[in-house]
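So the structure is just underneath, and the comments pick up after that.
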Amino acid sequence: MMSEIPYEKVGDVESVKGEYHKSQRFYRCLLFIISLATLLLTLLFFQTLLVPMVTSSPDKPQHMPVRETCTDPCRIVLVESIPEGLEFNSSAVHPSIYQTWLNLISETRSSLDIASFYWTLTNKDTQTHEPTADQGERILKELTQLSGKVSVRIAVNTPKETKPQDNIEILKNAGADVRTVNMRELTSGVLHTKFWVVDKKHIYIGSANMDWRSLTQVKELGAVVYDCSCLATDLGKIFETYWYLGQSGQEIPSPWPSEFSTVYNKDTPMELALNGTDSRVYLSSSPPSFCAEGRTSDLQSILSVIRDAHKFVYIAVMNYLPTMEFSYPKRYWAEIDSELRRVAYEQRVHVRLLISCWSATSPTMFPFLKSLAALQDSKAKLDVQVKIFTVPATPHQKEIPYARVNHNKYMVTDKVAYIGTSNWSGDYFVNTAGSALVVNQTSADSSAPIVQKQLQAVFERDWDSPYSTQLNHNTNHMDMC
Ligand SMILES: *[C@@H]1O[C@H](CO)[C@@H](O)[C@H](O)[C@H]1NC(C)=O
Ligand SMILES: *[C@@H]1O[C@H](CO)[C@@H](O)[C@H](O)[C@H]1NC(C)=O
Ligand SMILES: *[C@@H]1O[C@H](CO)[C@@H](O)[C@H](O)[C@H]1NC(C)=O
Ligand SMILES: *[C@@H]1O[C@H](CO)[C@@H](O)[C@H](O)[C@H]1NC(C)=O
């Protein structure tokens, strides 16, 4: 039996070959050698051929990011623009977006990436010589100076020919790198995102456009996270999608190359400390075609935050419509609307919507909002309330076009803070580019610094303010806007 041949014989084989070449033993030996050689060759084959084939199989791209522990000392600060003349009797006060942008510009050492919808930081567009445009003008001046010193990249929605482009020209001439993203051609939407990534270390995200009015005449809300390269790296990947699509003639890749992928999403958020409080954080993006592998779409993040609420869902957005606002023929789109009705009914969650109105508000919004507000019935244990927030204007302020409105876009539940850049109607989740920061501090103890608590206080400040009016079935919106 081959297995009986003592192992040492193998080394001896050459020396015994001549003596026993006619014996059976020789053939047994030969058989053994052949078997052994075959075994060795097979092993060799596996090692040199199959193993590399497995590791480089297309299912496991070599650049697939891995989850890393984030030890950055991240700090999150809510920031706001409160329009001139608006006053709240409340302790919920946050740094201004203007001051925050100035800080970020002065902090920049090597790079500043800005995703933007349009640029009107000077008030040339209105010809009103408005003194409150000074903050926007200062920001443009600082950005212009910075563009000569460090890498400044700007991704902007391809402007309509009629729109002023002098801000962008000034920045380009100063050395900024600008790419226009032709969303109309790519998705028939717009690039509506507004965020900054500084030195791949600090981020700003929020509702404010690169518009002087967003600093002094329009109510805005955003968040800035300092010293947080983990989060900045992930937001940087969303910026890179715009930067990539800003090359001329570019099409939306499907799938996106793996360097755009993320491992941080609603199911596996990034775990980090924000102001020392354990938090689970991720960034969502829209439209879905811009989401590389692993990225949660904006709509899915909104739905999951609503679904996860136990006590309340407070929503503050400029526009709320269960329709595709800008599509013809008309299309009904009730993904968010149904989810709100469902949690109000099934989970007895208190739902409050604080919506804005101004002269340009679509009248279609009101019957749909009234229909939501009709779900108010204490006997049926349904609590859905809608209020309309109006920013008052003096006769002089009324002359400023596209101003005096509450433009913020956020949601706060008993568990999570969601800070976004999109209006809430179908278009913004189907073909318009936007993004959001989702912060979950469910497990934190109540005395810890929690951004969800701060955002709740902002919502309650606005909801209880004299600028908000309850909407019910007989409200005439013409009296409000
Ligand atoms: C502000 O609020 C406090 C407490 O709610 C109240 O006592 C005070 O009268 C208010 N002041 C104004 C100017 O409304
Ligand atoms: C928030 O985190 C908790 C775990 O800490 C998780 O159970 C919950 O689903 C998360 N909520 C959302 C909306 O992601
Ligand atoms: C949100 O909707 C309003 C009304 O349709 C529109 O004017 C505005 O551009 C949209 N959002 C912005 C600028 O953030
Ligand atoms: C985090 O710390 C900063 C000061 O460094 C403070 O302004 C901010 O409000 C804190 N954030 C929270 C959520 O407490």
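Just so you know, ligand 1 is whichever comes first in the structure, and atom 1 is the first atom listed for that ligand. Basis for what follows: all heavy atoms, side chains included, without hydrogens, waters or symmetry-related copies. We count residues from 1, following the sequence as given.
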Original post:
Based purely on interatomic distance, does Ile76 place a nitrogen or oxygen under 3.5 Å from a nitrogen or oxygen of ligand 4?
Top reply: yes
**OP:** Only one of Tyr418, Tyr428, Phe290 passes side-chain contact (heavy atoms from CB on, under 4.5 Å) with Asp298; say which it is.
**Re:**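 With Asp298 as partner, Tyr418, Tyr428, Phe290 yield a single side-chain contact (heavy atoms from CB on, under 4.5 Å), made by Tyr418.
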Is [X] salt-bridged to [Y], cutoff N-O under 4.0 Å?
X	Y	answer
Arg138	Glu142	yes
Lys330	Glu325	no
Arg153	Glu240	yes
Lys387	Asp462	no
Lys379	Asp377	no

Subject >> SG proximity flag Cys228/Cys74, limit 2.5 angstrom >> reply: yes
Would you mind listing which atoms of ligand 4 come within a distance below 4.0 Å of any non-hydrogen atom of [X]?
X	answer
Val451	13 (C)
Arg75	5 (O)
Asn275	1 (C), 2 (O), 3 (C), 8 (C), 10 (C), 11 (N), 12 (C), 14 (O)

Filter the ligand 2-protein atom pairs down to N or O on both sides and distance under 3.5 Å, then list them.
unit_1: ligand 2; atom_1: 2 (O); unit_2: Asn440; atom_2: OD1; d: 3.3
unit_1: ligand 2; atom_1: 2 (O); unit_2: Asn440; atom_2: ND2; d: 2.4
unit_1: ligand 2; atom_1: 9 (O); unit_2: Asp308; atom_2: OD1; d: 3.4
unit_1: ligand 2; atom_1: 11 (N); unit_2: Asp308; atom_2: OD2; d: 2.9
unit_1: ligand 2; atom_1: 11 (N); unit_2: Asn440; atom_2: ND2; d: 2.8
unit_1: ligand 2; atom_1: 14 (O); unit_2: Asn440; atom_2: ND2; d: 3.4

Original post:
Are Ser111 and Ser151 linked by a side-chain donor-acceptor pair shorter than 3.5 Å?
Top reply: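 The criterion, which ignores hydrogens and geometry beyond distance, is not satisfied for Ser151 and Ser111.
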